[in-house]
Amino acid sequence: MKRPELTIVIPTKNEENYIGKLLNSLLQQDYLANTETPIIVADAHSTDKTREVISGYQEKLNIKIVEGGLPSYGRNQGAKNSDSDFILFVDADIEIKDPTLITRAINLIKKKNLDCVTTYLKCPAGTWLDKLIYFLNNIIQFFSRLVAPYASGMFILFRQQKFNELGGFDEKAYYAEDYLLTKKVAFKKFGIIKGHIIVTNRRFQKTGRWTVVKMFLHTALKSWDKKHFYRYRKGYFD
């Protein structure tokens, strides 16, 4: 069997209302139409119908479910079960509306010999404040290339060899594990593909917009203090 070029890894926990939308959008990707790309779902013991929804796509997509946990652990478990040149990490509650996005991301990482590629985030169903927060996130992501690359765990394409060299996602971190990993990438090896993925505002609804903003500010101010992210903070995760 030919070694796959790409593996897609999705961490899940009680995503029955979202995972189907993501998988439908993957079915529309022109890259997946021409390959049998493995999709590994690392499920953290969902108690809803997440696994049932996923099972409904197993005849259309090459999906495998493995045991997951917190997002960092789940992503790492997915990576351990992959054997491909590249790994695309995506969150379960996003949609990839542009059918060419994955193809263009793969082409960019190969053409420029990059280690990591991401894209921008758009929240069309959110409030004006949600849209503003994601807009600012995109600006920060763009300029982060000049200092320490930042990519959201919602969509990160990695060269698997480099991902393994960097040790994967830090499973000790309570948050910002995506930044802790991508900031290790050399800025010349980091790229942002034109376009965007569709995200929800459920993080703001669950955690609170101000709490999310504080987390982001703490990430920026404490970016070089790894132990800062190892400390549990009441209100961030409750």
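Residue indices begin at 1 and follow the sequence shown.
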Looking at [Y] and [X], is there a salt bridge between them, counting it only when a charged N and a carboxylate O are closer than 4.0 Å?
X      : Y      : answer
Arg104 : Asp98  : yes
Lys60  : Glu36  : no
Asp85  : Arg159 : no
Lys13  : Asp43  : no
Glu165 : Lys184 : no
Lys172 : Glu177 : no

Test log, rule side-chain contact (heavy atoms from CB on, under 4.5 Å), inputs His45 and Glu67: CA-CA 7 Å; His45 313 290; Glu67 296 303 318; 3.2 Å; yes
message: Walk me through whether Gln160 and Ser82 qualify under side chain to side chain donor-acceptor pair (under 3.5 Å).
response: CA-CA 9 Å; Gln160 178 149 2; Ser82 69; 3.2 Å; yes
field: Centroid-centroid under 6.0 Å between Phe169 and Phe163 rings
entry: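 Yes.
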task: May I ask you to check whether Tyr120 and Tyr134 place their ring centers less than 6.0 Å from one another?
output: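 Aromatic pair excluded; centres sit 6.0 Å or further apart.
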- prompt: Checking side-chain contact (heavy atoms from CB on, under 4.5 Å) for the pair Ser72/Glu171: CA distance, chi angles, key distance, verdict?
  reply: CA-CA 5 Å; Ser72 292; Glu171 296 177 14; 4.1 Å; yes
message: Please evaluate residues Phe86 and Thr7 with respect to the criterion side-chain contact (heavy atoms from CB on, under 4.5 Å), reporting the C-alpha separation (whole Å), side-chain torsions for both, the decisive distance (0.1 Å), and the verdict.
response: CA-CA 6 Å; Phe86 307 104; Thr7 300; over 6 Å; no
task: Could you grab the distance from atom CG of Asp115 to atom CZ of Phe190, nearest 0.5 Å is fine?
output: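 Rounded to the nearest 0.5 Å, the CG-CZ separation comes to 11.0 Å.
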